[in-house]
Amino acid sequence: MFATAATYPPSAPRGPRSPCPTGSQTRLRLVAVLEGARRKTLAFGRRALGLDVPAADHTIAVLHRDETEVPGLDRKELVQLDRIRLLGATGTVLMAISALGIGAQPVQQNPTSGVRVLGIFARAHTGSLAMCMIGTVVVVLAWLLLGRFAVGGIGGAPLHRLTRSQLDRTLLLWIVPLSVAPPLFSNDVYSYLAQSEIAARGLDPYQEGPVAGLGMDNVLTNNVPNIWRETPAPYGPLSLWMGRGIAHLTGENIISGVWMHRMLALAGVALIVWALPRLSVRCGVAPVSALWLGAANPLVLFHLVGGAHNDALMLGLMLAGLEFALRAIEDTHPFDGRAYVLLISGAVIITLSSTVKITSIIAMGFVGMALVRRWGGGVRAVIVWAAILGAIALGVTLFISTVSGLGFGWIHTLGTANAVRSWMSLPTALGIVTGFGGVLLGLGDHTTALLSITRPIAAAVAAFLAVRMLVATGTGRLHPVGALGVALSAIVLLFPVVQPWYLLWAIVPLAAWATRPVFRVPAVAFSAVVSVILMPRGADLEVFQIVGAAIATVIVSVLFIVITRNALPWRGQAGVSAPSQAPTSYGVTS
C-alpha cells in the first residue's frame, strides 16, 4: 500500500526581492558602525578621565568648602587652652620617660643600661608599657580637645578659633619631649645609620645590606631589625648622601647618629609648619585648621618626630616646593622673570623631595597641570610644560645621583619594602584574607599568588585615579593642592605596603584643602585609632602585659574624663558667634 502524498499549505506570496548590497553600501554601513563605536569609546574615555563630568556637587569637590574667619578665644577658652596644652605636654613627657624602657633602644650602646634610676624602666616592662599607652591616649585626647578651637565639632565651624601663635607654641611644647626621647614605634632609624655607614665606607648601599657591608658583628648591624639586615637601601640618593655626612660626623656612635637623623626629621616638620598654612590660604582654609590636622596630628608627633622617619623631610620639601611653584603660577601677573625663578625653584625642591622618597615626584605633575591651566590648556601646553618640568626633574636627579657618588642603584631597590605584608594595605589585606580562606577550604595557601594579582590591579587603579586628578587640575575643577591630596590618598590606600606614617602622605596635603566632615571625620578617626593601637618596638611583650597595660589605660582615661568633664571642653559650647558684620573668608588666589 502506498502512502498518500503529503499536502502542504500554499506558500505565502513573496514580495519584490531586495537587491544585494553593493560593496559601497557595505563599506558605508561598516564606516557608520565604526564611527558609532568611536564616538561611544571617546565619550566613555572623556567621562572616565573627568573631561565630561556632572556638576561640582557630584564630584570630589564636595570635600572642600571655604572657611571663614571667626573671633579669637574668650577668657574661659584661654584657660581651657592652657589646660589642653599642659595635658598634651604631660602625655609626651610620659611617652618620653616610658621610651627609656620600651622604646626602640639600641641593642648596643644603650645609655640606660646599668644605670640605677633610668634602668628601672627597662626592667619594668608592664609599667613602662602602661605609662606609654596612657601618655599616647592623653596626647590624642589633648589633640582632639584642641580641635574644638581649630575646626570646631563634627560638621560645624568653631565659635572661636585660636591664633596661629597659640597653636605654634602648643605644637612646640608637645614636640620637645619626643625630640629628646629614644626612638618610638619604629627601628627604621637604625637602618638609616647602617646604610649611611655603608655609603661612608665607599661601598654601594644599593647593592650591599648591613650584614654584607658592615659585617654581622658590627654595632650598627646588630641594631637593624632582622628582616632588613640582608636588604639594600630603598631610599633615594639625597637621603643617603645626608646620612653619609652624618656617618662621617658620628661614626659608630649610635646615640649621636639617632639625634642627627632626628634633626633632619625636625627640619622636615618645620618645613611642613611653614608651607601648610600658606597652601591652606590659597585654598580658602584657615591656617590653624590645616596645622591642627596636618602638623599637630599625633601621627606626626609619634612617627615623624618620635620615630625620626625621613618621610618628614620628603613631605616638608614637597609642600615647600609646591608653595614656591604656586606663587609663580597664581601670584604673578604677568608671568615674568620672577615667576620663572619661583617656578624653577619649586620644581627643584620637589625633585629634591623625590630623591628622599620617590613618591613625592607626583607633585610635579600637578604643578605642570596648574601651569597648563594658567596658559589656557590644550595638548600643546601639556607637552611643552611636561618637557620643561621633566627636564628639570631629570637634571636635578642626575646631579644628586652623580655628585653624591651613589649612582642610580636606588631605582632598582624601590620595591624592597614590598616584602612586608601590611594589614593597612587594601590589596595586601585582600590577598591575605583570600589566601587564608583558601587554607580553610582545604585549597592550599595561595597568598603569594593572590598578592601577585591584587597588587598590580591596585596599582593600575591608583594610577588611573591619579591621572583623573591631573585632568581635574588642568580643567580647573580642583585646586592642585586638593587634587594632589586625593591622588596621594589613592596611592596610599592601594600601595602594596602601608605603614602608619604613610597615611600622612595624604592627610597633610589634604589638610590644606579638604574641610568637609566626609574627609575630616575619617582622617581624625584614623589618626587617633592608629596612634593608640600601635605598640612600641623596644621590648618583647607578653599578651598579659599588653592586656594589663590596656586595662590600666582605660581606667585612667575614663577617670580623667569624668574628673575634667567641666574643666575641659568635652562638649561643644552652646551659642553662636555673631559679629556685627559677616565674617570674611580666607583669601583664595585662584
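None of the values given here were measured: they were computed from a predicted structure. Computed over heavy atoms, backbone and side chain alike; hydrogens, waters and symmetry mates excluded.
- From I344, atom CD1 reaches atom CD1 of I349 across 12.0 Å, with rounding to the nearest 0.5 Å.
- Distance check: T332 OG1 to Y340 OH gives 9.5 Å after rounding to the nearest 0.5 Å.
- When ring centroids are compared, W375 and F335 come within the 6.0 Å threshold.
- Residue I255 holds its CD1 atom at 11.0 Å from OG1 of T250, rounded to the nearest 0.5 Å.
- Side chains of F185 and M95 form a contact here, defined as non-hydrogen atoms less than 4.5 Å apart.
- Atom CG of L299 and atom CG of L293 lie 10.0 Å apart (nearest 0.5 Å).
- Among all heavy-atom pairs drawn from P177 and T92, the shortest one is CG-OG1, 3.3 Å.
- To the nearest 0.5 Å, atom OG1 of residue T355 and atom CD1 of residue I350 are 12.0 Å apart.
- When all heavy atoms of N310 and V356 are compared, the closest pair comes out as O-CG1, 3.6 Å.
- Residues P496 and R455 come closest through the heavy atom pair O-NH2, 3.5 Å.
- Of the possible donor and acceptor atoms, none in the side chain of R374 sits under 3.5 Å from a partner among the backbone N and O of E330.
- Minimum interatomic distance between S527 and I507 (heavy atoms only, all atoms of both residues): OG-CD1, 3.5 Å.
- You'll find the side chain of Q195 reaches within 4.5 Å of the side chain of P234, heavy atoms only.
- With sequence neighbours excluded, the residues satisfying salt bridge (Lys or Arg N to Asp or Glu O under 4.0 Å) with E323 are R282, R327.
- If you take OH on Y502 and OG1 on T359, they are separated by 7.5 Å, rounding to the nearest 0.5 Å.
- A heavy-atom distance below 4.5 Å is not found between the side chains of V486 and R468.
- Here the rule is side chain to side chain contact (heavy atoms under 4.5 Å, CB included) with H303, and of S531, S186, P500 only P500 fits it.
- A donor-acceptor pair under 3.5 Å is formed between the side chain of R262 and the backbone N or O of S179.
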Give the C-alpha distance, both sets of side-chain angles, the deciding distance and a yes or no for side chain to side chain contact (heavy atoms under 4.5 Å, CB included) between I388 and L371.
CA-CA 11 Å; I388 294 174; L371 282 165; over 6 Å; no
Side chain to side chain contact (heavy atoms under 4.5 Å, CB included) between V348 and F399, intermediate numbers included
CA-CA 11 Å; V348 169; F399 176 81; over 6 Å; no
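- Residues Y206 and L240 have side chains in contact (heavy-atom distance under 4.5 Å, counting atoms from C-beta outward).
- S354 places no side-chain N or O within donor-acceptor distance of the main-chain N or O of S360, the cut-off being under 3.5 Å.
- For R338, the CZ atom sits in a loose shell: 12 or fewer heavy atoms of surrounding residues, nucleotides or ligands are nearer than 6.0 Å.
- Contact check for V481 versus L326: side-chain heavy atoms found under the 4.5 Å cut-off.
- Between L73 and Q166 there is a side-chain heavy-atom pair separated by less than 4.5 Å.
- In this structure V379 satisfies the side chain to side chain contact (heavy atoms under 4.5 Å, CB included) test together with I383, sequence neighbours excluded.
- At least one donor-acceptor pair closer than 3.5 Å links the side chain of T475 to the backbone N or O of A472.
- Formation of a donor-acceptor pair under 3.5 Å by the T515 side chain with backbone atoms of R65 is found in this model.
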Please test F149 against H160 for side chain to side chain contact (heavy atoms under 4.5 Å, CB included), starting from the C-alpha separation and ending with a verdict.
CA-CA 6 Å; F149 302 143; H160 306 95; over 6 Å; no
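- Contact between C283 and H479 at its shortest, heavy atoms only, is SG-ND1, 3.6 Å.
- Aromatic rings of W501 and H309 (six-membered ring for Trp) have centroids within the 6.0 Å cut-off, being under it.
- Nearest approach of S280 to A290, heavy atoms of both residues: CB-CB, 3.7 Å.
- Side chains of T170 and R85: a donor-acceptor N/O pair is present below 3.5 angstrom, by distance only.
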Residue pair W241, R244: steps toward the side chain to side chain contact (heavy atoms under 4.5 Å, CB included) verdict:
CA-CA 5 Å; W241 194 11; R244 186 173 65 189; 3.2 Å; yes
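- Side chains of P183 and Y190 form a contact here, defined as non-hydrogen atoms less than 4.5 Å apart.
- For the pair W143 (side chain) and W292 (backbone), a donor-acceptor distance under 3.5 Å is present.
- Counting only heavy atoms from C-beta outward, the side chains of F302 and L534 never approach each other to under 4.5 Å.
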What side-chain donor-acceptor pairs closer than 3.5 Å can you find for residues 271-279, not counting sequence neighbours?
| residue | atom | partner | partner atom | Å |
| --- | --- | --- | --- | --- |
| R278 | NH1 | W274 | O | 2.6 |

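- For R164, the CZ atom is densely surrounded, since the number of other residues' heavy atoms within 6.0 Å is greater than 12.
- Side-chain N or O atoms of R161 include one that pairs as donor or acceptor with a backbone N or O of A150 at under 3.5 Å.
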